[in-house]
Amino acid sequence: MTKPYDFESIELKWQKKWLDSRVFEVKEDAKRPKFYCLAMLPYPSGRIHMGHVRNYSIADAVARFKRMRGFNVLHPIGWDALGLPAENAALDNDAHPEDWTLENITHMKSQLKRLGFSYAWEREFATCNPDYYRWNQWFFLQMWKKGLAYRKMAAVNWCPTDRTVLANEQVEDGRCWRCETEVVQKDLEQWFLRITNYADELLEAMDTLPEWPAKVLTLQRNWIGRSSGAEVDFELVDDGESPRTIRVFTTRVDTIFGATFVVIAPEHPLATEWSDSSPELLAYVDAAKSADREDRVSGEREKTGIDTGRFVTNPFNGEQVRVFVADYVLMDYGTGAVMAVPAHDDRDFAFAKKYELPIRIVIQPETDEVTSENIEAACSEYGTVVDSGEFTGLPSREALSAMTAHAQEAGFGQPSVTYRIRDWGISRQRYWGTPIPMIHCPQCGIVPVPEDSLPVVLPREVEISGKGESALAGNESFLSTTCPSCDGPARRETDTMDTFVDSSWYFYRYADAHSEEMPFRPEVAKYWFPIDLYIGGVEHAILHLIYCRFWTKMMRDLGLTEDDEPVLTQLSQGMVIKDGAKMSKSKGNIVDPDSVIERFGADALRLYTLFEAPPEKEVQWTDQRLEGPARLLKRIWRFVDNESAALDSVSPIDGSEEWNEQETSLRRKTHQTIKRVTQDFERIHLNTAIAAIMELVNDLYKAVETRPSRSDTWKVIREAVETVVVLLGPAAPHVAEEMWAALGNKKGLTNVSWPSYDLETASEEVITLVVQVNGKVRSRLSLPADQDEEDVRRAALEDARVEEHLAGKEVVRVIVVPNRLVNIVVREASHETEQLQEHP
Ligand code: ANZ
Ligand code: ZN
């Protein structure tokens, strides 16, 4: 009778043991290599969902693997605890946001514990704790001192449902990223962080991030959106004694002879000025201002505009062209004005068609000739410049620099770079966020809260109405204060910070979570940083993952860290979907992790999320597939239970054995499995790692079918089953621990080293490779077939006979022809060469 696999009591038992023994708590240790393994911190929405389970199972498997590989592993967790949902929940459920948040944290924490993740719990914190957010305020003050934080009147994205300002990043297709309401524009005084100061560096440093997914980097590159081009001044016709100019930004100055009109943004100062004398213009400008930003730039939308009746002169050909106001031109990009070239720009083409404006071709592409008769759409390709005076005949690329240089020499233009990225608007008219530590004094204006008065604590007593401004504005005792500069009565800022501030640096806090004097001590963080692996959804590619890079650079400039970048390897894990859609309440397709744990156990659930797909791909949830991993665990369990008595008396392999064919074959499989699983874990191909373990389990069952009589055979079986259990440890840690103990091991798995594999045992066959030095055969190597090039290379260089021929030489190159030969190219060592050159 097999002992039943009672996963619940096994899991609870080991979870308690791990916690009690504090095995996952870590300290800096300069003598050991570190590994910082992090998954994005959860928002305490109420319950853990499958996305969390998957994300955290991946991170935990890697953390446990790295620990067994000898690394000092930091694997922390915390709570992204501020933000809108708490306030909305407060409105819906009549609970205080703080109570709602803390209750959720308590519940979700118990869920994470029930999953057995190996967190350094002593470093846990929630961002709604004043001990944490005081440092947001402190950073804000440092940025204010450096001119990186500033306030300005700005047209902001306003979500009418959430009644709050949204960052551009939080507007998706013109809608609020959270509630999908259409966003409108509104003018408000807002606080900004000058992320644009770092635009170039953020862009350039991406070349130093080879371990980030290409997709994330592309999204960031586009978001930063660096465009280089030229600015050119078009002079206003009939504009008095010293006529003013309209400065346009263009990336295609090579098309300037085809500019048949100029368009300025509705927010352009000239549009405002001219509106005074034109009610129609005023009406258009007003309407345009309230239109949605995303809509305005959308290619699909029908272009609208209005003729101002003014003209400007094209400085390149002296031609006078009309000036329009149209909402497809944005004020906050480039100069807020464009030269319109309908023949070569889509938007200008659509506009010209609608208002019957001239279309003049000035670029001929390589391919089909474009003529005014056959042109049906703008042709934006590069080509040869035509009908453009002295520039006619130049290829576009050359014309770009020649024409820019000409404009500069003549004094009506210059090269220019513009960015799509905007400064980060962090003001939120909300209660449940970090108070911005500023004071408005009627005498002194805006005065920062002195650093020694931090934190500015969120008052608990507020009335949350969900309407208009922050609930803080209605709290008189919070509002009224004294001015730090003149001691007069003053009022506090009521805006709170975007919660993306909280998540921009939390991982530095984990490194020194209880620091009281500073956000973290630089020398402590230095040991743990950079983060070796950071796992989170691709939806964070441009928000969080840009902000945290910016924040790190800002902290570096404050002298808190030497890191240019916080994260070495980023992994964007795929979603868990069911019935073709992301699990969500509204779709009714949620699978609750608790119910799965109840039926199959945490180990089976973890194993399933790892096994079902490669980490960066989607997992299609099906209940049937979940039974696979559950069965696998039972199968291994049954094997250990059935055979533990037989294995008990088996002595370890001592090298004196003469293996028979069956034994050789099982040993080979064991070592091949270790090799595969090790390599798969290093590359985070966890699904194939588990598939490899399954294969070994099959071979184990085959091996005992005939009840082998040789004691050596049992040695090999023991080696194989212990391997299975150890390799299973990172993915299904509880049952692995239990079986490991059942096999008679006294030391827990958390203290066991990852097994190493013996290459020779693992290899299918041994082959002979010829080793040449500068083309001459010097040695022969017997090596397992199909070895990694790196292993072959090393074996060749370490071969004694080869070494003789390398003495005093410098290895220039090692060429490996797989399974055939290695050629080592050498030359006289360089210092000798240099000496020769110095003393000829
Ligand atoms: C003339 C031209 C001719 C243009 C042509 C393009 C093609 P990216 O690449 O996105 O930076 N532009 C400039 N400022 C603008 C604004 N504030 N609002 C809307 N459009 C603006 O785009 C640069 C191009 O977008 C600029 O180059 C300008 O149109 C337009 F065959 O100038 B171009
Ligand atoms: Zn004052």
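Computed from a predicted structure; not experimentally measured. Remember, it's 1-based here, ligands and their atoms both numbered in the order they're listed.
- Side chains of E493 and W191: a donor-acceptor N/O pair is present below 3.5 angstrom, by distance only.
- The N/O atoms of H344, backbone and side chain alike, include none that comes under 3.5 Å of an N/O atom in ligand 1.
- Among protein heavy atoms, atom 24 (C) of ligand 1 sits closest to T251 OG1, 3.8 Å.
- Nearest-residue assignment for atom 9 (O) of ligand 1 (options C379, G336, P342, S227; heavy-atom criterion): S227.
- In this structure, a donor-acceptor pair under 3.5 Å is present between the side chains of T304 and Y284.
- D423 and Y150 share a donor-acceptor pair across their side chains, judged by distance under 3.5 Å alone.
- Taking the Zn ion (ligand 2) as the apex, the angle formed with SG of C486 and SG of C444 is 110°, to the nearest 10 degrees.
- Counting the atoms of ligand 1 from 1 in the order shown, those under 4.0 Å from a heavy atom of D345 are 4 (C), 5 (C), 6 (C), 7 (C), 31 (F).
- In the candidate list F349, Y382, Y333, Y333 is nearest to atom 10 (O) of ligand 1, counting heavy atoms.
- Proximity of a side-chain donor or acceptor of R175 to a complementary backbone N or O of E180 within less than 3.5 Å is detected.
- Between R301 and D327 there is a salt bridge, with a side-chain nitrogen of the basic residue lying less than 4.0 Å from a carboxylate oxygen of the acidic one.
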Next item on the list: List the steps and the verdict of ring-ring contact (aromatic ring centres under 6.0 Å, His included) for F351 and F324.
Entry: CA-CA 10 Å; F351 195 84; F324 285 80; 5.3 Å; yes
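- Side-chain atoms of T335 come within 3.5 Å of backbone atoms of R247 as a donor-acceptor pair (strictly under, hydrogens ignored).
- Counting only heavy atoms of the protein, atom 17 (N) of ligand 1 lies nearest to L330 O, 2.7 Å.
- Those atoms of ligand 1 that come under 4.0 Å of a heavy atom in F249, given as number and element, are 13 (C), 26 (C), 28 (C).
- Around NZ of K146, the count of heavy atoms belonging to other residues, nucleotides or ligands within 6.0 Å exceeds 12.
- Those atoms of ligand 1 that come under 4.0 Å of a heavy atom in V341, given as number and element, are 3 (C).
- Nearest protein heavy-atom contact of atom 32 (O) of ligand 1 is T250 OG1, 2.7 Å.
- Between A337 and ligand 1, no pair of N/O atoms sits closer than 3.5 Å.
- Side-chain N/O atoms of S427 and Q429 include no donor and acceptor closer than 3.5 Å.
- Residue-level proximity to ligand 1 for V338 is carried by the side chain, the only part with a heavy atom below 4.0 angstrom.
- Note: an N/O pair closer than 3.5 Å links R347 and ligand 1 by distance alone.
- For the pairing with D564, the side chain to side chain donor-acceptor pair (under 3.5 Å) check across R549, K553, R556 returns one residue only, R556.
- The M339 neighbourhood of ligand 1 comprises atoms 1 (C), 32 (O), with distances under 4.0 Å to a heavy atom of that residue.
- The shortest N or O to N or O distance between D348 and ligand 1 is not under 3.5 Å.
- For atom 19 (C) of ligand 1, the closest non-hydrogen atom on the protein side is Y328 O, 3.4 Å.
- Between T255 and ligand 1, not a single N/O pair is under 3.5 Å apart.
- Across all their heavy atoms, T434 and N136 have their closest contact at OG1-ND2, 3.0 Å.
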